[in-house]
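Order of the sequence lines sets the chain letters (A, B, ...), proteins ahead of strands, with each chain counted from 1.
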Amino acid sequence: MRREIPLLITAITGIVFVLQYFIPHAPFNKMNTWFSDWFSIVGAFAIWLGALNLLKISFQKIMDKKSDWFFALVIIISFFVITIIGFAEGQGFREPGTTFSWLYDYVYSPLSATMFAILAFFVASASYRAFRARNFEATLLLLSAFFVMLGRVPVGDIITGFLPQQYQLSQVASWIMTFPQTAGQRAIMIGIALGLVSTSLRIILGIERSHLGGGD
Amino acid sequence: MQQEQSIAFKTGMLSICLFILLGLLYLPPESVAQQESSVPPGTAIPDSIQLKPPIHIEVKDTPDDAGGSVTIRWEEQPVLENAVIQKYRILRASVENSVPGEFIFVGEATNRATVFSDGSTDDDSTYVYKVEAVYELKVDDTTVVTTTVQSSVSDEVSSSAQWFNFQRINVFVGVVLLSFFILYYIYQAQSGKKLFIRKIAGLEAVDEAVGRATEMGKKIFYIPGTQDMDNVQTIAGVTILGRVAEIAAQYDTWLEVPVSRSLVLVTAKEIVKEAYSKVGRPDAFREDQVHYLTDDQFGYAAGIDGMVVRERPATIFYMGAFYAESLILAETGNSIGAIQISGTAMPSQLPFFVAACDYTLIGEELFAASAYLSREPKLLGSLKGQDVGKALILISLLVGTILETFHIWQFSSLFKVIGE
């Protein structure tokens, strides 16, 4: 029964979800919203599982004096500081001027932005490796990237200003993005859509069940 | 005598004026609306301008919907000299509930429109409609006035919900066809027929990647994406986790799974635990192997980056749905020389993984991974069915391209989903 009940729930929910796409009549037209709401509610309760797990692992690291125990301490302090301040400030904790919003604006946001900003450097290092002309495909990639990058900045058109307009770099870049790039992306999307249908069908029929915990 | 007659005449005139005024106050609303047109006092509409009301008003229940909507159509108005239609106003009256002749305003359509959907109807009521054309008249070089002309009353109509959305019939046929092929090949595979499945380099390398970690005596990190269990990519990711965990358990290699969602934590923990039991090593499983970091996208990326740099795992798997954090994670893994295998169905993140990882499962390969790794006939059969679907799409694309080249549009219109 431990396996059968989840399989039954999965099958019924999956079939209902497929049906609701084709049946506009009530109650099917509202089912998508109902299930999304239920998922949000379950997810909201489950957040405590995550939080407790994080605290447990962090406390354990400190107790065992593991090599990175200091980071675990930072996690615990941050967790309790933000939680206590959030609860202490009540319903308006997100209003401007509160300690919570100060922490959000001046601690959390800059940290988050810093992580995002690192991406710029990683793009450069990854591009450097990807664009090395080792073989025909990599050379094609390098040339496409060269044309697109130059075509996206004004200097591209200045360099090719002597050519007819349709051969200027901005137009070449636009052609690469509109045709070969879109065609490639759509091919991937078609494969993904087929994979999604196939995976969903396997899950609904109970053929794929390892996500329920283990084998068959 | 003459004075008395004069007083009687004045009193009579005053009474008539009062009567007219009172009558005006009690006129039905649409009559008032007509009176309120912005024609300046004293401005006569020239006889040469013959304003025409909207004609051929057709009303019907909006098809393929959940009810509560009626579609009103009318004929395009002829272009007049010195008179331009500004917009159309749609007026509605309930047959059962309203005062006879009392129409309420329900919406407007642009001057080029010939159709309007009234989405505020009650399925239990019957309605009639009128379409009012709002004209802008050029009386002379300096005077422009606005006036309205109403159509006749439409037939009666009620809205209702339908049990099938025929605008999606092509999707339905596609799903049925694809499901049929998948089920057919699953049946074929079950009956023992050998199926050819092409090699997927990324999945062939899973054993090698786990083996490398074993040889080096280092950890394996498995990152199941940043999305929750309602995302099929996450389900595919945790499904592959089960296979990877089995191999890791067999090789006695430490597998660590930091997750970003609580529900993924619960699922992944169960899967890893079960995988260890399946290969006869339940004692080797430890609760802290699968642990939660944070729901925050960049917080999660920062947490994993820190762990990667400090603990320097030999192998890292990225399987699931990723956004901007994909390159941050993969480049950090690359910088420590870990062997990296990624898989995602997010087209915008694929180039980053291709650039930074050793192997990448592109889109559908992520969904095929579980079947490929398990080699179970039932799962492999579904891959074959999927391939037939792909062949059909390729043929359709080819036929469509040829027909479109020769200006035959009907074939491509079969693939349009209206109302998306």
Counting neighbours of CH2 on A/Trp34 that are heavy atoms of other residues, nucleotides or ligands and sit closer than 6.0 Å, is the number greater than 12? yes

Answer with yes or no whether the side chains of A/Glu95 and A/Ser101 bring together a donor and an acceptor at under 3.5 Å. no

Honestly, the part of A/Ala126 sitting under 4.5 Å from a heavy atom of chain B is both

Cut-off 4.5 Å, heavy atoms of chain A, and the answer for B/Leu366 is neither

Smallest heavy-atom separation, A/Leu119 atom then B/Ala324 atom, equals CD1-O, 3.5 Å

For B/Ala161 and A/His25, the nearest pair of non-hydrogen atoms, with its separation, is CB-CD2, 3.3 Å

Honestly, the part of A/Phe35 sitting under 4.5 Å from a heavy atom of chain B is neither

Verify the neighbour count for atom CZ of A/Arg94: are there more than 12 heavy atoms of other residues, nucleotides or ligands below 6.0 Å? no

From the list B/Gly303, B/Ala355, B/Gly363, B/Ser335, the residue making the most non-hydrogen contacts under 4.5 Å with chain A is B/Ala355

Residues at least two apart in sequence or cross-chain that pass side-chain hydrogen bond (donor to acceptor under 3.5 Å, both in side chains) with B/Ser179, listed by chain then number, are none

Whatever's closer than 4.5 Å to a heavy atom in chain A on B/Lys269 counts as side chain

* Determine whether the side chains of B/Thr239 and A/Glu208 contain a donor N or O and an acceptor N or O closer than 3.5 Å. => no

Applying a strict 4.5 Å limit to non-hydrogen atoms, the region of B/Glu311 in contact with chain A is side chain

Nearest heavy-atom contact between B/Ile328 and A/Phe122 is CA-CD1, 3.5 Å

CA sep, side-chain torsions, deciding dist, call: B/Lys278, B/Glu246, side chain to side chain contact (heavy atoms under 4.5 Å, CB included): CA-CA 7 Å; B/Lys278 201 177 170 186; B/Glu246 280 176 27; 3.4 Å; yes

Okay, A/Gln185 and chain B: the region with an atom under 4.5 Å from a heavy atom over there is side chain

Under 4.5 Å to a heavy atom of chain B? For A/Ile190 that would be side chain

Turns out that what part of B/Asp387 lies under 4.5 Å from chain A's heavy atoms comes down to neither

Check: Any side-chain heavy atom of B/Glu376 sitting closer than 4.5 Å to one from A/Ile207?
Finding: no

- Going by distance alone, is a donor N or O of one side chain under 3.5 Å from an acceptor N or O of the other, for B/Asp123 and B/Ser160? no

CZ/A/Phe39: more than 12 non-hydrogen atoms of other groups inside 6.0 Å:
yes

Cut-off 4.5 Å, heavy atoms of chain A, and the answer for B/Asp65 is backbone

Bottom line for A/Ala51: the part with an atom under 4.5 Å from chain B's heavy atoms is backbone

Among B/Trp163, B/Phe298, B/Phe164, B/Tyr292, the residue with the most heavy-atom pairs under 4.5 Å to chain A is B/Trp163

So, the part of A/Phe131 with a heavy atom under 4.5 Å from chain B: the answer is neither

Turns out that what part of A/Leu141 lies under 4.5 Å from chain B's heavy atoms comes down to neither

- Message: Once you measure the plane-to-plane angle for A/Phe179 and A/Trp175, does it fall in the parallel (<30°), tilted (30-60°) or perpendicular (>60°) bin?
- Response: tilted

The interface call for B/Ala236 against chain A, heavy-atom contacts under 4.5 Å, is neither

Between the main-chain N or O of B/Ile271 and the side-chain N or O of B/Glu274, is there a donor-acceptor pair closer than 3.5 Å? no

The interface call for B/Leu178 against chain A, heavy-atom contacts under 4.5 Å, is side chain

B/Asp228 and B/Thr234 have their tightest heavy-atom pair at O-OG1, 3.1 Å

Okay, B/Ile186 and chain A: the region with an atom under 4.5 Å from a heavy atom over there is side chain

In short, B/Gln162 meets B/Thr62 closest at the heavy-atom pair OE1-O, 3.4 Å

Looking only at B/Ser370, B/Gly242, B/Gly237, the option with the highest number of non-hydrogen pairs under 4.5 Å against chain A is B/Ser370

Turns out that what part of A/Phe121 lies under 4.5 Å from chain B's heavy atoms comes down to neither

So, the part of B/Val171 with a heavy atom under 4.5 Å from chain A: the answer is both

The interface call for A/Ile47 against chain B, heavy-atom contacts under 4.5 Å, is both

When the 4.5 angstrom heavy-atom criterion is applied to B/Leu327 and chain A, the contacting part is both

If one checks every heavy atom of B/Ile169 against chain A at 4.5 Å, the contacting part turns out to be neither

Honestly, the part of B/Asp64 sitting under 4.5 Å from a heavy atom of chain A is backbone

Bottom line for A/Thr199: the part with an atom under 4.5 Å from chain B's heavy atoms is side chain

Residues B/Asp358 and B/Gln340: closest non-hydrogen pair is OD2-N, 2.7 Å

Okay, A/Ile57 and chain B: the region with an atom under 4.5 Å from a heavy atom over there is side chain

Counting heavy-atom pairs under 4.5 Å with chain B, the top scorer among A/Gly43, A/Ser125, A/Ala26 is A/Ser125

Scored by heavy-atom pairs under 4.5 Å with chain A, the best of B/Ile362, B/Val175, B/Asp296 is B/Asp296

Scored by heavy-atom pairs under 4.5 Å with chain B, the best of A/Leu205, A/Val42, A/Asp68, A/Ile118 is A/Asp68

Ranking A/Ile188, A/Leu196, A/Leu49 by heavy-atom pairs under 4.5 Å to chain B gives rank one to A/Leu196

